[in-house]
Amino acid sequence: RPTLDFGNITVGESKDMATVLNGTNLKGKANLTITRTDSDMFSVSPSSVTPTNGSITSAGITVTYDPSEAGNHTATLTISSEGAEDVTVTLNGSATAPAKVVNWNVKGTEHQTNFNGQSTPIYQPTGDELKCGEKDFIGWTATENYENATNAPNDLFTTTLPNGVTEGTTFYAVYADKRTTTSITYT
């Protein structure tokens with residue numbers, strides 16, 4: 001059975017594949033339908049082709065893969081015409097979730113990393129981002145303008161994102177004065 005393989009694309013994108021339809025000795029129009037579990041991820045245009053004098057010659061058709069969710073998708077394109085044997089084509093495609101963005105605010109400057117819902121590269125400050133005055137960078141918080149002379153923010157982290165992070169979350173750099181052993185100032 002013939003197959004159209006759309007490969008991998010990102011949810012929210014679509015991919016077209018063009019092909020041609022030929023037929024002879026047809027008694028009626030050729031109908032193109034998509035069926036099976038993932039039929040809503042694929043479409044075909046036109047949905048029918050009318051023969052001229054019983055023949056269809058190089059009629060252009062376009063099959064579109066437009067996934068609405070991540071995963072592997074399969075459907076069947078069936079071409080049928082009165083008095084002719086149906087022709088089926090397997091349609092395959094896979095889709096990945098779009099990259100989402102997590103924001104990292106370092107002294108008022110925004111940096112971004114892509115977030116895939118499971119792991120996200122944590123932005124690592126460099127150079128002058130490692131210091132804020134006499135204070136040293138010590139980690140991240142979701143609390144904007146955190147200032148406390150004695151306690152770190154409850155959600156302070158350095159290497160592993162906290163649970164519940166969603167697209168568009170902004171984390172803020174936390175700096176602490178580590179010059180004395182008796183007091184650390186978090187800002």
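Hydrogens, waters and symmetry mates play no part in the numbers below; they use all other heavy atoms, side chains included. Start at 1 with the first residue, then count along the sequence.
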For the student: nearest non-hydrogen atoms of [X] and [Y], plus distance:
X	Y	answer
Met41	Ser68	SD-N, 3.3 Å
Val11	Ala70	CG2-N, 3.4 Å
Ala95	Glu69	CB-O, 3.8 Å
Ile56	Ala30	CD1-CB, 3.8 Å
Thr158	Gly139	CG2-CA, 3.8 Å
Ala84	Leu26	CB-CD2, 4.2 Å

Can you name the side chain to side chain contact (heavy atoms under 4.5 Å, CB included) partners of [X], sequence neighbours left out?
X	answer
Gln124	Ile122
Asn22	Val20, Thr57, Ser58
Thr76	Arg1, Thr35, Arg36, Thr78, Thr88
Lys131	Asp136

Summary of ring pair (Phe, Tyr, Trp, His ring centres under 6.0 Å) pairs that have at least one residue in residues 74-97, sequence neighbours excluded: none
Nearest 0.5 Å, what's the [atom1]-[atom2] distance between [X] and [Y]?
X	Y	atom1	atom2	value
Leu91	Ser43	CG	OG	10.0 Å
Lys107	Thr109	NZ	OG1	8.0 Å
Asp66	Ile9	CG	CD1	7.0 Å
Leu77	Thr3	CG	OG1	11.0 Å
Ile34	Ser39	CD1	OG	7.5 Å
Leu130	Ile138	CG	CD1	12.5 Å

Close side-chain approach of [X] to [Y], heavy-atom, < 4.5 Å:
X	Y	result
Thr170	Glu144	no
Thr19	Leu21	no
Ser81	Lys27	no
Ile61	Pro46	yes

Please identify each residue that fulfils side-chain hydrogen bond (donor to acceptor under 3.5 Å, both in side chains) with [X], with sequence neighbours left out.
X	answer
Asn8	Ser94
Thr74	Asn92
Asp16	Thr64
Thr62	none

Partners meeting ring-ring contact (aromatic ring centres under 6.0 Å, His included) with Phe6 (sequence neighbours left out): Phe42, Tyr65
CG/Asp86: more than 12 non-hydrogen atoms of other groups inside 6.0 Å: yes
Donor-acceptor pair, side chain of Lys15 and main chain of Gly7, under 3.5 angstrom: no
Candidates Trp104, Phe171, Tyr172 - the one meeting ring pair (Phe, Tyr, Trp, His ring centres under 6.0 Å) with Trp140: Trp104
